[in-house]
2 protein chains.
Amino acid sequence: MILEVYGADTSLEHLVDTIRNAIASRKLVIILGECSVDYIGRSESRLSTGERLIIIKQDGAFLVHRPTGHSPVNWQPETSAIEVKKSDKGIEITAIRRSPREIVRVYLNKIELVVISKLVDSGEFMMYLDEGELRDLLMYKPELIEDGLKIIEKEKKLPVGSIDLFGFDKNGRPVIIEVKRITASKEAVYQLYKYVESYYKNYGVKPRGILVAPGFTKSAIEALERLSLEYKQYSLQKLWNLKKELMNHRFKGRSILDYL
Amino acid sequence: MILEVYGADTSLEHLVDTIRNAIASRKLVIILGECSVDYIGRSESRLSTGERLIIIKQDGAFLVHRPTGHSPVNWQPETSAIEVKKSDKGIEITAIRRSPREIVRVYLNKIELVVISKLVDSGEFMMYLDEGELRDLLMYKPELIEDGLKIIEKEKKLPVGSIDLFGFDKNGRPVIIEVKRITASKEAVYQLYKYVESYYKNYGVKPRGILVAPGFTKSAIEALERLSLEYKQYSLQKLWNLKKELMNHRFKGRSILDYL
DNA sequence: TATTATATCTCGGGT
DNA sequence: ACCCGAGGTATAATA
């Protein structure tokens with residue numbers, strides 16, 4: 001790992017050069033120092049002086065972090081240019097984004113530490129049980145929602161959007177299913193309602209609408225009852241177990257999950 | 001600014017102690033090193049080995065950053081405990097959150113740099129022209145939406161949520177206004193529709209619904225027409241000028257904006 | 001490029 | 001503690 005560390009004793013000129021070169025050669029830059037920050041773009045903001053952590057990532061992502069909180073106070077998700085220049089008081093860094101047109105400018109008046117590095121990271125990131133996977137698992141085992149339910153399509157397109165799962169119940173009545181992976185709020189209910197109405201308008205048959213989630217807010221249940229919609233709670237644990245089971249059942253060397 | 005810097009030559013035992021103490025005394029910890037990361041909580045993820053930047057903030061916020069991208073690959077917005085222990089290969093850091101129950105565990109097998117600091121940041125952050133401010137400006141100058149419009153209430157509560165602006169047009173017909181500060185999509189239309197329907201049910205009078213935004217997606221305009229709703233485009237620049245104007249008109253030493 | 005839906009969304013404000 | 005809505009949301013998928 002490349003690693004250079006500069007302290008408060010380094011000359012500003014040298015720091016400016018160092019940071020410029022680091023950005024040009026797509027290195028990671030970490031700065032600890034006192035600064036104020038201006039932002040102009042989709043909105044406008046101004047942050048007065050304080051001690052902060054500034055990070056310029058190897059792809060130009062730009063972050064200004066205060067000492068607390070998960071989120072950066074100012075940032076630039078992707079930059080078209082990052083300008084570094086010496087000002088009379090310290091160093092000015094400007095991170096520019098082309099579309100939407102946005103500018104973050106940091107006025108550093110005290111620099112305590114600059115770290116330059118180059119991280120090598122080819123690690124694989126795997127996330128389990130996102131909404132799509134839940135939907136696929138429920139499609140594979142619709143009896144978890146209701147006995148006799150047959151799912152015939154996922155992500156069925158309607159004029160107003162696409163339905164998570166679509167099928168027919170044991171009486172042959174069409175069923176529209178909306179899946180959520182966290183507690184469903186009334187927003188989810190309106191989403192489902194929208195699909196049910198749209199289906200009704202398009203096909204002339206009133207379908208059942210079922211909201212499937214690990215939990216429901218009170219107002220969601222009220223809305224469901226008011227709109228004559230149904231809901232079914234599922235256990236994340238059960239689906240997780242189902243997934244593990246399916247991962248062990250392989251077909252032609254691939255997990256069954258790949259075929260859903 | 002407190003500042004301690006430790007390189008790869010520091011003993012693991014000493015690093016463990018240093019990091020533990022830093023966390024206990026609510027300091028900022030920055031680590032550069034090679035690690036893998038596990039996460040279990042609202043979802044589950046696994047990240048295999050690679051070089052990363054780990055940040056533990058003064059309030060316990062925990063971030064693992066890869067060399068690219070705005071967002072951390074793993075994180076904990078707030079922690080109830082952070083445990084640091086020496087393992088056979090390196091250092092293991094576990095960030096625990098109580099509610100929702102979540103755990104992020106980092107297995108560091110190479111540590112290149114540890115920085116401990118304490119940032120002092122009492123700077124004030126001001127964001128201009130968020131949705132609330134736009135709404136207040138439109139309330140002050142409703143003719144920007146329509147001539148003869150009178151706004152009588154903001155954030156009017158309805159069973160299904162609260163209306164941004166409520167008033168009456170020049171013919172005395174009630175008007176429900178939904179304000180967006182970015183291009184409005186069909187979601188915004190459904191939100192407005194929900195309010196219009198709810199008002200109709202509650203008061204027995206069909207109100208007009210106007211979506212006010214700097215722009216509209218094609219499907220938003222389709223939905224508006226289908227649902228007999230109206231829309232009005234505003235110029236962010238115009239509102240920005242109005243704001244600057246109001247900032248200069250002061251009353252009892254305070255900006256007029258404070259009274260809206 | 002624009003639009004849509006999701007997110008371990010986060011965060012703040014309300015009840 | 002839950003619920004709700006806004007966000008400079010970011011991000012990935014899709015048309």
Side-chain angles (χ1 to χ4, degrees), chain A residues 37-45 61-64 68-78 95 97-104 125 127-135 155 157 160-164 178-188 191 215-222 236, chain B residues 37-45 61-64 69-78 95 97-104 125 127-135 155 157 160-164 178-188 191 215-220 222 236:
Chain A
V37 188
D38 285 354
Y39 158 75
I40 300 182
R42 285 168 289 180
S43 180
E44 293 201 18
S45 74
F62 187 89
L63 308 169
V64 180
T68 61
H70 157 279
S71 304
V73 61
N74 282 108
W75 70 93
Q76 207 70 287
E78 49 189 308
R97 187 184 189 183
R98 197 138 327 164
S99 167
R101 176 77 184 167
E102 304 189 276
I103 294 176
V104 173
F125 181 69
M127 172 81 77
Y128 307 111
L129 280 184
D130 58 10
E131 188 177 285
E133 208 168 16
L134 285 180
R135 189 198 54 215
E155 294 176 54
K157 301 277 183 303
V160 294
S162 60
I163 301 170
D164 281 338
E178 174 70 21
V179 179
K180 290 286 159 202
R181 58 174 302 291
I182 51 171
T183 302
S185 67
K186 60 180 167 152
E187 290 309 305
Q191 204 178 336
F216 304 86
T217 67
K218 220 177 283 177
S219 70
I221 291 178
E222 273 170 31
L236 205 69
Chain B
V37 188
D38 285 354
Y39 157 74
I40 300 182
R42 283 167 291 179
S43 182
E44 293 201 19
S45 73
F62 188 89
L63 308 170
V64 181
H70 157 279
S71 304
V73 62
N74 283 106
W75 71 91
Q76 206 72 287
E78 50 190 305
R97 186 183 188 181
R98 197 139 323 164
S99 169
R101 178 76 183 167
E102 305 190 274
I103 293 177
V104 173
F125 181 69
M127 171 80 76
Y128 305 111
L129 280 184
D130 57 10
E131 189 178 285
E133 205 168 21
L134 286 179
R135 190 198 53 215
E155 292 175 57
K157 300 277 183 301
V160 294
S162 60
I163 302 171
D164 281 338
E178 175 69 21
V179 180
K180 290 289 161 201
R181 59 175 300 292
I182 52 173
T183 301
S185 68
K186 58 181 168 157
E187 288 310 305
Q191 205 179 335
F216 305 86
T217 67
K218 223 178 282 177
S219 70
E222 272 169 33
L236 205 68

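Just so it is clear: chains get the letters A, B, ... in the order the sequence lines come, proteins before strands, and each one is counted from 1. Reckoned from all heavy atoms, side chains included, excluding hydrogens, waters and symmetry mates.
As a whole-Å value, the separation of A:K180 NZ from D:dC3 P is 16 Å. Computed from coordinates, the A:L63 CG to D:dG8 P distance equals 15 Å when rounded to whole Å. Computed from coordinates, the A:E133 CD to C:dA5 P distance equals 22 Å when rounded to whole Å. For the pair B:E187 CD and C:dA2 P, the computed distance is 20 Å after rounding to whole Å.
Atom-to-atom distance recorded for A:L129:CG and B:S45:OG is 11.5 Å, nearest 0.5 angstrom.
Rounded to whole Å, the P atom of C:dT8 lies 22 Å from the corresponding atom of C:dT4. C:dA5 and D:dG8 have their P atoms separated by 22 Å, with the value rounded to a whole Å.
Of the possible polar contacts, none joining the B:R97 side chain to the B:P77 backbone as a donor-acceptor pair under 3.5 Å is found. Checking side-chain atoms of B:R42 against main-chain N and O of A:R181 turns up no donor-acceptor pair under 3.5 Å. In this structure a side-chain-to-backbone donor-acceptor pair under 3.5 Å is present from B:Q76 to B:E102.
Minimum atom distance to the side chain of A:K186 is reached by D:dG5, of the listed D:dG5, C:dT3, C:dT6.
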Verdict with supporting geometry, B:E155 and B:R135, salt bridge (Lys or Arg N to Asp or Glu O under 4.0 Å): CA-CA 9 Å; B:E155 292 175 57; B:R135 190 198 53 215; 3.1 Å; yes

Contact letters for nucleotides 7-15 of chain C, in which S counts primed atoms plus P, OP1 and OP2 and B counts the base, heavy atoms under 4.0 Å: SBSSS----

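Here the closest non-hydrogen pair linking B:V104 and B:Y39 is CG2-CD1, 3.8 Å.
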